[in-house]
Amino acid sequence: MAKKHLDDFFPKSRIVHEKSTVSSTSRVQEEERKNIEVIIRDPKNPSPSVFVSATYDGEKRVACIGLYNAESEKIHFWHDNTGHKPYLLTNLSPIELEKMSRVVSHPGLEQFELVEKYDPFQDRTVAVTKVVTKDPLAIGGRSRGCLRDIIPEDYPKIGGKTEAKVWEAAIKYYQCYIYDRQLAPGMLYEIQNNNLIQVKDESSDQMVNEICSLFTTEPKEALRNIETWARLLEYPVPNFRRVALDIEVFTPTIEIEGKLTFRVPDPREAAYQITCVSVLGSNGEKRVLLLKRAGVREGKSKLPPDVSFEYFDSEKKLVLEVFKVLQEYPFVVTFNGDDFDLRYLAHRAQNLGIKRNQIPIEVGRRVCRLRYGVHIDLYKFFFNKSIQIYAFGRRYIDVTLNEVGKALIGLPKLELTKPFNELSYGELAQYCMQDAEITLKLTTFDDNLVMKLILALTRISRMPMEDVSRQGVSRWIRNFLQFEHRRRNVLIPNTEDILAAKGKTTTKAIIKGKKYKGAIVVKPIPGVHFNVAVMDFASLYPSLIKVWNLGYQTIRCSHPECKGNTIPDTPHWVCTKDRALESLLIGSLRDLRVRWYKPKSKEKTLSKKMRSWYNVIQSALKVILNASYGVFGAASFDLYCPPVAEATAAIGRHSITQISNKARELGIQVIYGDTDSIFLKNPTPEQIDSLAQWSKEELKMELGVDKLYRYALLSSRKKNYLGVSTDGSVDVKGLTGKKRHIPIFIKESFNQMNAQLAQVKSPAEFEGAKKQIANIIRTCYLKLKKREWERIDDLAFHVVLGEAPDHYVKTTPQHVKAARLLQEKKYKLEAGDLISFVKVVKEPHVKPVQLASNSEIDVEKYVGHLQSTFDQVLDALGLDFDEIIGLTKLERFM
DNA sequence: GCGGACTGCTTACCT
DNA sequence: ACAGGTAAGCAGTCCGCG
């Protein structure tokens, strides 16, 4: 860290002094005045535009902002005119830098500036040098010889004694621009006299005020932060005019086992013809562009009459027509367009001799951008684990257009009845259009939920829409934290600075190879328990981060007087003087979700439209909050801080332990608990109230009733139970019968059992249900024994390949064995593919379902799986599998 | 040389 | 490219055993 003082620096011609700001509160206000120009929206003026994209224009050497005007439904671009330049920060003085020949002679160097930054580790302002460049590549391009490498490399050569450091050198230029100008992607802007000016729309003021009135007891700083978030989130969403695009390419076929299989053409080579492109606009435009080919029949399609069929005798003309579409629409949605459709189009266009400047696609390493619009690749968005699990509640498992389409909008891909290359024009058009339709509808269903979700995340994360829809939750979190650092003029630390200052973890994980100890799972009391209340802490980890002021700056802070503020079960302590940025921001997001958006999304008096809007926001917040603790324990996160993650988990354990003890003290039996929840047997409303009250007073944590089960059926295993709610719905958690890899044959019986259990209202009614359940199991067993399954597919296990088949070296699990058998038959398999296999008598005891026949099935293996699936529930019910299937004790012994 | 006890690997789940 | 904890099923290894 720079220990130098401003006095140590001698101004030179290239050196510019920036006005320095000192005290921490005035610092923030100062930054705000400087950066935020705001005008009030005038209803009579032409509508302002939404900030949707940000890039660096390499030719003009400035930031370029894409603005979408909801009225004209077009995107226009604005180039920076403020003279903002790329830079990095270093602890070296300009004098020292002047001595470094490779720095001074660097063609990209512009100037050195002296600036002050707040150092979060030392809790004081320090002087650093801002090395300003003409071009972001001068700071950290892929090529060697960029300044962020040169400075530390050459410092010893000029006799430098301390360590040369650079900061903020890995931030994308356009993000840096957003931070410095404190811009708000997803919000309204206007160009006035060629200046970019934020437009304040007063229509959301009332809501923002209402929200803020909920938080008047919060500290001023928190309230301010809540207001900022509320303003971003309450703002209305424009209509995004968009087009869904899908292309079909001639596909070489190969024959396997008499079946024709196709190989997806390589988009980098683009060696085959583009045969069909479907275009489906959100405004109703429906077009199919077809390439005329010899020997292709006209055929029929069931497409509606408003779809226009356009035939091209030249592929080049077809492609150029597609490019017109790409230039005409402000937003283009695809499913895997980054890696296939747009990439193929671009390379094919080159192969066809189309000039570069006529191709509106910028092909990147991983992304394909549009020169004049925004490309949203839904595959990347739906692939995002957080989106998959928390926003869509695991409704889809495989990220394919077919599966996602089926799961979210009930629209599967068209099934082909003949080989792809033999389709008539009509059939091809219909197939292609169906894909475009699924793609478009994935963005329009539930009142444009997906577009709204992307926009909400854009606003929270301060990122362009294209980035937010492709990157993971840790980037979203990183970016809004970096934004806040800049707002407060706090030096953004390097990952190694944090690690060096705060160290690693101290607790021992239960799982080998993990970095620290995690949550507690309370051992369940097996059996049937009537009248169970499940209480949980609302957003446990985000709440702890808020209440305990956790963040990289505050954990193990440098103030001696804070060391007494210890964290249970760890040697760590936390700061009592400064507020951690993470604590503040994550805490505000948590408060907004728990106290405003979640209740609003359920408020019956609101219109369906409003409720669904609140639901979008609360899901977006949920996705972010769910990851907000994990990121601190992830080495890939820029603000990685193991002690923060460890402390959070430790306080979590402490909290659930305390609350369990208190429950018992109140005379309530705790029959189970996991991480943030406790299952209470037959508690009175008063007992529940006093527990919640105690939590609020003693732990400063909100504890509420999450579920009321008529009864809960606990197995002896942790994370395995079944709960029947008061409304008769059944929650199945962790039980084998629910897992997706299990054969449908077994799953069906399991579901039948659940249906029986859902009927049970009182202990007395259990007897009848037990008989029914025994029947279900016996029937299933006998069907197996008599080999009377309907289709062999019903017996298939479905397991995902975590790696490519050749990558397994330590062991060969069964699904890999099956995968290798498929590979022998020339199937192409890679990581992420789902393998369906059955268990057979002969070595190696598994066979891919595609290659297996009924006679080979090892029935005894399946009986074994049937038993283990049901045993998890039967012991709690006091039933015995062997007895059910009619084995006497003697037979069992034999 | 063989079977049981054990560890390790892999996947799917829970919070 | 968010975390750790738990379960199941199988693969592979070690050890004892005349």
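In what follows, every chain begins at residue 1, and chains take the letters A, B, ... in the order their sequences are listed.
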Legend entry - Residues A:Arg369 and A:Glu466 bridged, charged N to O under 4.0 Å: yes
If you only use heavy atoms from C-beta on, which nucleotide in [options] is closest to the side chain of [X]?
{"X": "A:Asp674", "options": "B:dT11, C:dG4, B:dC14", "answer": "B:dC14"}
{"X": "A:Val800", "options": "C:dG12, C:dG4, B:dA12", "answer": "B:dA12"}
{"X": "A:Tyr629", "options": "B:dT10, C:dG4, C:dA11", "answer": "C:dG4"}
{"X": "A:Arg740", "options": "B:dA12, C:dA11, C:dC2", "answer": "B:dA12"}
{"X": "A:Ala509", "options": "B:dC9, C:dA3, C:dG5", "answer": "C:dG5"}
{"X": "A:Lys733", "options": "B:dC14, C:dG12, B:dT10", "answer": "B:dC14"}
{"X": "A:Lys517", "options": "C:dG5, C:dG9, C:dC2", "answer": "C:dG5"}
{"X": "A:Lys514", "options": "B:dC14, C:dA7, C:dG5", "answer": "C:dG5"}
{"X": "A:Asn720", "options": "B:dG8, C:dG4, C:dA7", "answer": "C:dA7"}
{"X": "A:Ile510", "options": "C:dC2, C:dC10, C:dT6", "answer": "C:dT6"}

Atom-to-atom span, [atom1] of [X] to [atom2] of [N] - whole angstrom:
{"X": "A:Lys385", "N": "C:dA3", "atom1": "NZ", "atom2": "P", "answer": "13 Å"}
{"X": "A:Arg717", "N": "C:dG9", "atom1": "CZ", "atom2": "P", "answer": "9 Å"}
{"X": "A:Asp676", "N": "B:dC14", "atom1": "CG", "atom2": "P", "answer": "14 Å"}

Look at the side chain of A:Thr554 and the backbone N and O of A:Asn549, then say whether any donor-acceptor pair between them is shorter than 3.5 Å.
yes
Practice problem: Would you kindly check if the NZ (Lys) or CZ (Arg) of A:Arg462 is within the cone defined by 45 degrees around the ring axis of A:Phe480 and under 6.0 Å from the six-membered ring centre? | Solution: no
Do the rings of A:Phe837 and A:Phe797 sit parallel, tilted or perpendicular, given the 30° and 60° boundaries? parallel
OP1 or OP2 of B:dT10 versus the side-chain N and O atoms of A:His815: is any pair under 4.0 Å? no
Is the distance from OP1 or OP2 of B:dG8 to the nearest side-chain N or O of A:Lys512 less than 4.0 Å?
yes
Between the CG atom in A:Leu457 and the CG atom in A:Asn384, the distance rounded to the nearest 0.5 Å is 9.0 Å
Looking at every strand, decide which applies to A:Gly518 at a 4.0 Å heavy-atom threshold: base, sugar-phosphate, or nothing.
sugar-phosphate
